[in-house]
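For reference, the structure discussed in these notes is given below.
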Amino acid sequence: MHVLIVEDTPEVVEIIDVALKLRWADCEVTSIDRGGLAPGIVASARPDLIMLDLGLPDVDGIDLLEQIRRISEVPVIILTSRAHEAARVRGLETGADDYMVKPFSATEMLARVQAVLRRASRSGGGAVGIITRESLAVDLEQRSVTVDGQFVPLSRLEWEVFSYLARNAGKVVKHNDLKQRGWGSTIVEDSVVKMCIRRIRGKLSKTGGDPEVILTHRGTGYSFIG
Ligand code: CA
């Protein structure tokens, strides 16, 4: 397991680092005290979990979380000394999996880490495996979509939206959840989501796939056919 700690207080990093390595002997820990470095590490090293401090010296933790969510579904636990509700709620809305208010004990931290990792493995959040539907294959690891082996050229945004629907096959994904997933915000207009779905359907048809693999649930959202 590889854990990325984004935190500028050495004492907090130390507590997490020691506790994780005691609990998981093979745990690899990378720690950085500047948030600006995080997206690059997430993209290249693909950590299994991120512990993210909201009060960083160079960037706002919530903004950073938004950036991370645009490129990865890695589980994120927010570390905050901002005990007030607003920051926590905003963190969870932005896509954090859990949060801890500082100071926290090693025991509490390990319990939360285990719970988050368990949930992530159940929901397929670790992005492994291939989802197939007739000639269509959605490869979550390679981040690719193919029809009869032919590559469907999706943009990053289209991939986020389509793969999210595929992972939730058979379930109606609400407009707001898709907006959060693709655009990192619910402020986006419904028409923008609609356009994105139309582009994905167009690209599927062009490659010989079935555009109706995405179903429209008027006024609610979309689903990948279950
Ligand atoms: Ca801090």
Side-chain angles (χ1 to χ4, degrees), residues 1-121 123 125-127 156 160 164 176-177 179-188:
M1 178 165 74
H2 179 199
V3 178
L4 172 63
I5 307 173
V6 190
E7 164 66 76
D8 61 316
T9 308
E11 294 76 23
V12 177
V13 174
E14 178 79 11
I15 290 172
I16 300 172
D17 183 59
V18 169
L20 287 175
K21 285 174 178 165
L22 276 175
R23 174 65 183 75
W24 290 281
D26 62 344
C27 184
E28 192 190 324
V29 174
T30 303
S31 68
I32 50 175
D33 58 3
R34 293 287 185 279
L37 300 169
I41 294 175
V42 171
S44 60
R46 298 182 170 218
D48 301 294
L49 174 71
I50 300 178
M51 313 288 276
L52 174 64
D53 178 27
L54 287 189
L56 292 164
D58 59 335
V59 292
D60 177 72
I62 297 280
D63 291 345
L64 178 57
L65 177 57
E66 277 177 11
Q67 280 184 48
I68 291 171
R69 276 290 169 260
R70 274 180 225 133
I71 56 171
S72 169
E73 286 172 43
V74 56
V76 174
I77 298 178
I78 281 177
L79 310 175
T80 177
S81 42
R82 304 170 189 177
H84 50 275
E85 199 63 20
R88 286 187 250 165
V89 169
R90 230 185 120 209
L92 294 175
E93 278 175 1
T94 308
D97 295 83
D98 201 357
Y99 65 88
M100 286 192 288
V101 178
K102 290 187 260 189
F104 50 80
S105 69
T107 314
E108 178 193 356
M109 184 211 71
L110 288 174
R112 289 184 183 275
V113 166
Q114 272 173 302
V116 163
L117 291 177
R118 212 166 35 234
R119 281 204 301 269
S121 69
S123 68
R156 186 206 55 80
E160 287 303 330
Y164 191 63
N176 274 355
D177 292 342
K179 289 175 189 173
Q180 198 66 57
R181 174 64 40 179
W183 292 264
S185 159
T186 53
I187 300 166
V188 179

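Nothing here was measured: the structure is a model prediction, and the numbers come from that model. Both counts, for ligands and for their atoms, begin at 1 and track the order of listing. One is the number of the first residue; the rest follow in order along the sequence.
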Of the protein N/O/S atoms, how many lie under 3.0 Å from the Ca ion (ligand 1) =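 There are 3 of them.
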
Between [Y] and [X], is there a side-chain heavy-atom distance shorter than 4.5 Å?
{"X": "Val29", "Y": "Lys21", "value": "yes"}
{"X": "Leu117", "Y": "Met1", "value": "yes"}
{"X": "Val76", "Y": "Arg69", "value": "yes"}
{"X": "Asp33", "Y": "Pro57", "value": "no"}

note = One should read off an interatomic distance between Met51 CE and Ile78 CD1, to the nearest 0.5 angstrom, of 11.5 Å

request  = Measure from the side-chain N and O atoms of Ser44 to the backbone N and O of Gly40, and report whether any donor-acceptor pair falls under 3.5 Å.
outcome  = yes

